[in-house]
Amino acid sequence: MKNAEIAAALDELADLYELDGAVVYRVVAYRQAARSVRDSSRSVAQLAAEKRATELPHIGKTLEEKIRTLVETGEIPQAVKLRKKFPGELVRFIEIPGLGPKTARKIYDELGIVTLDELRAAAETGALKSVQGLGPKAEQNILKSLDAGGEPERAERFLLSAVLAIGEEIVGALRTHEAADRVEIAGSARRWTDTCKDLDIIATAHDPVALTQAFTELELVGEVRASGEAGARIVTNNGLSVDFRVVAPDQFGNVLQHLTGSKQHNMALREYAVRRGLHVSEYGVEDDEDGSKHTCASEEDVYRLLGLPYIEPELRENRGELKAAIDGALPDLVREEQIRGDLHMHTTLSDGRSTLEQMAKAGQDRGYQYLAVTDHSATFGFGNDVQPDALKRRIEEVRAMNEEMKGFRLLAGSEVNIQLDGSVDYDDDLLAELDWVVASVHTSFRMSEERMTERMTAAMEHPLVDAIGHPTGRKILSRDPYHVDVERLIAKAAETGTMLEINAAPDRRDLNDLHARAAAEAGVLIVIDSDAHSHQLLPLMRYGVATARRAWLEPRHVANTRTWKELQKLRKRAR
DNA sequence: GCCGTTTTCGGCCCGACTGTTTTCAGTCG
């Protein structure tokens with residue numbers, strides 16, 4: 001059973017317990033456990049079978065036992081029982097915004113309503129109003145929500161690259177405004193999550209009104225939703241909601257910390273603070289001892305008041321960063337300027353838009369020491385294949401260019417296709433001529449998990465395959481990863497010395513943060529690549545570095561923080 | 001139901017908003 005299925009079962013049980021009126025802490029415990037299971041890079045079913053699931057945060061003896069029962073029998077008895085007690089679509093009532101468990105329960109108790117259709121009918125006939133606490137607004141709200149397609153509206157999410165493009169434009173414009181002092185991006189964009197629901201920007205200013213007005217008058221503003229003396233909410237022309245707030249300078253740290261989140265991190269942080277007699281909010285840190293309230297100009301001050309070192313935004317997901325901070329064991333996260341080369345990109349030889357020369361120049365301009373050009377191989381499926389002869393000519397070309405460049409090394413590489421049987425599509429003799437080989441899956445995405453895992457692990461056995469490109473094949477917001485057992489990929493990578501890629505394309509970021517963290521913990525070397533299809537796209541590297549940082553990676557975990565001379569020795573063919 | 005440099009029992013984040021209220025419970029982020 002997949003972690004996602006187990007997590008869904010725990011979430012459902014949390015909903016049921018909530019309807020049943022269980023103490024809220026038990027409900028919270030189930031939700032936290034569900035999240036823990038979902039986040040785990042290891043198979044929780046297997047952990048539970050080995051009685052090791054309690055190693056995960058928020059999983060105790062009770063939940064381990066329930067998970068084991070779920071895996072063995074397909075059900076948790078308490079859920080079966082509660083589903084009988086609360087029949088029909090009752091749990092789905094909670095999905096309607098504004099309708100919580102208490103209200104859903106009251107509607108059921110007093111009117112006996114169990115389906116969404118019955119709920120709609122009761123709202124239309126006015127029967128709902130007989131329930132204490134429900135008035136005309138509640139009726140309208142329920143009807144509006146049900147009319148929106150029965151399903152509650154799913155908030156549209158945006159790719160981080162789209163959000164940062166807007167965020168950086170806004171920040172750039174406002175920082176040059178004469179009324180501004182500080183302007184920063186906050187929220188999930190500051191944590192470099194894969195996608196964002198909206199964008200938060202906060203500022204300090206000696207003229208908040210003028211700066212707020214400047215914000216609402218930016219060219220990218222499509223609609224002003226709300227506007228006040230020290231902040232506004234707008235929607236951009238392409239539909240992104242942006243919150244802007246001007247705050248007092250001595251409170252900037254508190255607000256930035258609060259709005260950066262994540263919610264989970266802040267909850268854990270506040271709980272920790274409470275144990276020390278301190279109360280944290282966006283307004284300051286209050287001390288139980290004497291009731292004094294401290295505001296902070298910087299985030300560093302917020303963490304310092306709690307007796308903690310600064311925690312980087314990318315780590316603030318409540319994935320152990322608090323404990324690491326307390327123990328003084330926070331990672332020294334890899335930084336973009338530590339990347340010395342890029343090992344996956346394309347030119348006009350296959351499907352790229354820039355020439356070899358343009359790529360080499362762009363790499364040098366970025367301060368890289370080396371660059372591997374890895375055009376698609378002979379069976380690439382879009383008419384841009386590179387036949388062996390063409391690759392041989394390319395290798396000669398690269399060698400010749402290296403003669404003329406100082407302090408920079410161009411590497412002859414290829415992104416070879418992993419075929420259905422796990423073989424790759426050049427002869428070994430030709431592969432041996434290359435400096436760098438990344439192998440990727442580009443066909444038959446819909447194989448069974450078993451076959452896909454066999455296929456990819458077979459490719460890792462090849463002595464000349466240095467790394468696996470975009471190992472799960474996901475396209476964020478548009479394509480699910482292919483069915484593959486990432487745990488087994490990681491184990492095989494560790495066994496064979498094959499590196500795994502964090503592909504930095506902002507719609508890939510593949511491996512993702514959780515998988516990359518698990519791979520590094522297993523001793524697998526990670527290589528961060530831009531997969532640039534144009535010389536202008538080498539800077540996409542930053543999204544890969546961001547994923548690496550969210551994966552707690554230090555420079556030592558990342559192969560291409562090393563010089564080519566060092567990196568060469570780490571390839572399995574050098575072993 | 002989980003968890004532990006104040007606790008193995010007794011705690012468990014914080015504030016804003018909303019609608020139906022006459023002082024606040026429920027919901028949300």
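Reminder, nothing fancy here: chain letters follow the sequence lines and each chain counts from 1. The shown structure was predicted, so the numbers you read here are calculated from the model rather than taken from an experiment.
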inquiry  = Work out how far the P atom of B:dT6 is from that of B:dG11, and round it to whole angstrom.
reply    = 16 Å

message = Counting only side-chain heavy atoms from C-beta out, which of B:dC14, B:dG19, B:dG29 sits nearest to A:Lys137?
response = B:dG19

query = What nucleotide, of B:dT6, B:dT20, B:dG1, holds the atom closest to the side chain of A:Thr62?
reply = B:dG1

query = Nearest to the side chain of A:Leu63, which nucleotide is it out of B:dC28, B:dC2, B:dT20?
reply = B:dC2

message = Under 4.0 Å, heavy atoms only, any strand: does A:Lys102 hit a base, just the sugar-phosphate, or nothing?
response = sugar-phosphate

query = A:Asp243 CG to B:dC17 P: how many Å, rounded?
reply = 12 Å

Shortest side-chain distance from A:Tyr17, nucleotide among B:dC14, B:dG1, B:dG19 = B:dG1

inquiry  = Of the options B:dC13, B:dC14, B:dT27, whose atoms approach the side-chain atoms of A:Met267 most closely?
reply    = B:dC13

key: B:dT21 versus B:dG26 - spacing of their C1' atoms, nearest Å   = 12 Å

inquiry  = Of the listed nucleotides (B:dT21, B:dG15, B:dT20), which one gets closest to any side-chain atom of A:Lys293?
reply    = B:dG15

note = Test side chain to side chain donor-acceptor pair (under 3.5 Å), reference A:Glu317, set A:Arg191, A:Gln264, A:Lys263, output is A:Arg191

message = With a 4.0 Å cutoff (strictly under), does any side-chain N or O of A:Tyr283 reach OP1 or OP2 of B:dC13?
response = no

message = Under 3.5 Å, is there a donor on one side chain and an acceptor on the other for A:Thr236 and A:Asn238?
response = yes

inquiry  = Using a heavy-atom cut-off of 4.0 Å across all strands, would you classify A:Val280 as base, sugar-phosphate, or nothing?
reply    = sugar-phosphate

message = If I pick the C1' atom on B:dC2 and the same atom on B:dT8, what distance separates them, to the nearest angstrom?
response = 12 Å

key: Contact check, side chains of A:Leu308 and A:Leu322, non-hydrogen atoms, under 4.5 Å   = yes

query = Roughly how many Å is it from CD1 in A:Ile326 to P in B:dT6, rounded to a whole number?
reply = 10 Å

Counterpart base for B:dT8, defined by Watson-Crick or G-U wobble contacts under 3.5 Å = none

inquiry  = Which label fits A:Tyr17 and A:Tyr30: parallel for a plane angle under 30°, tilted from 30 to 60°, or perpendicular past 60°?
reply    = tilted

key: A:Asp20: which of A:Lys102, A:Arg26, A:Lys85 passes salt bridge (charged side-chain N to carboxylate O under 4.0 Å, His left out)   = A:Lys85

inquiry  = What contact category does A:Ala138 fall into here, base, sugar-phosphate, or nothing, at under 4.0 angstrom with non-hydrogen atoms?
reply    = sugar-phosphate

query = B:dG1 C1' sits how many Å from A:Ile76 CD1, rounded?
reply = 13 Å

ask   = Would you call the rings of A:His265 and A:Tyr303 parallel, tilted or perpendicular, where under 30° means parallel and over 60° means perpendicular?
value = tilted

Closest to side chain of A:Ser281, choosing from B:dC2, B:dC14, B:dT6 = B:dC14

query = Nearest to the side chain of A:Val274, which nucleotide is it out of B:dC2, B:dC28, B:dC12?
reply = B:dC12

task = Select base, sugar-phosphate, or nothing to describe what A:Lys66 touches, counting heavy atoms under 4.0 Å on all strands.
result = sugar-phosphate

remark   = note: A:Gln140, atom CD; B:dT18, atom P; distance rounded to Å ~ 15 Å

inquiry  = Whole angstroms only, please: what is the CG-P distance between A:Asp288 and B:dG11?
reply    = 14 Å

request  = Report the glycosidic orientation of B:dT7: syn if within 90° of 0, anti in every other case.
outcome  = syn

remark   = Assign each of A:Arg275 and A:Pro57 the nucleotide of DNA chain B bearing its closest heavy atom; nearer the 5' end lies the nucleotide of A:Pro57

Test item: side-chain donor near acceptor, A:Glu219 and A:Asn237, under 3.5 Å = no

request  = Would you mind reading off the distance between A:Tyr25 atom OH and B:dG11 atom C1', rounded to a whole angstrom?
outcome  = 8 Å

ask   = Hey, does the side chain of A:His279 come within less than 4.0 Å of B:dC14's phosphate (OP1/OP2), counting only N and O?
value = yes

inquiry  = Just the rounded figure in Å: distance from C1' of B:dC28 to CG of A:Asp198.
reply    = 14 Å

ask   = Taking the nucleotide of DNA chain B with the closest heavy atom to each, which residue, A:Lys61 or A:Glu282, is nearer the 5' end?
value = A:Lys61

A:Ala29 side chain, from C-beta outward: closest of B:dG19, B:dT27, B:dG1 = B:dG1

A:Arg276 side chain to A:Tyr272 side chain, donor-acceptor N/O pair below 3.5 angstrom = yes

query = Between B:dC9 and B:dC14, how far is it from one P atom to the other, in whole Å?
reply = 25 Å

Inter-nucleotide C1' distance (B:dC12, B:dT7), Å rounded = 13 Å

message = Quick check for you: among B:dG19, B:dC13, B:dG1, whose closest atom lies nearest to any side-chain atom of A:Arg26?
response = B:dG1

message = Whole angstroms only, please: what is the CZ-C1' distance between A:Arg270 and B:dG29?
response = 10 Å

task = Check every strand shown and say whether A:His258 touches a base, only sugar-phosphate, or nothing at a heavy-atom separation below 4.0 Å.
result = nothing

ask   = Between B:dC13 and B:dG4, how far is it from one P atom to the other, in whole Å?
value = 14 Å

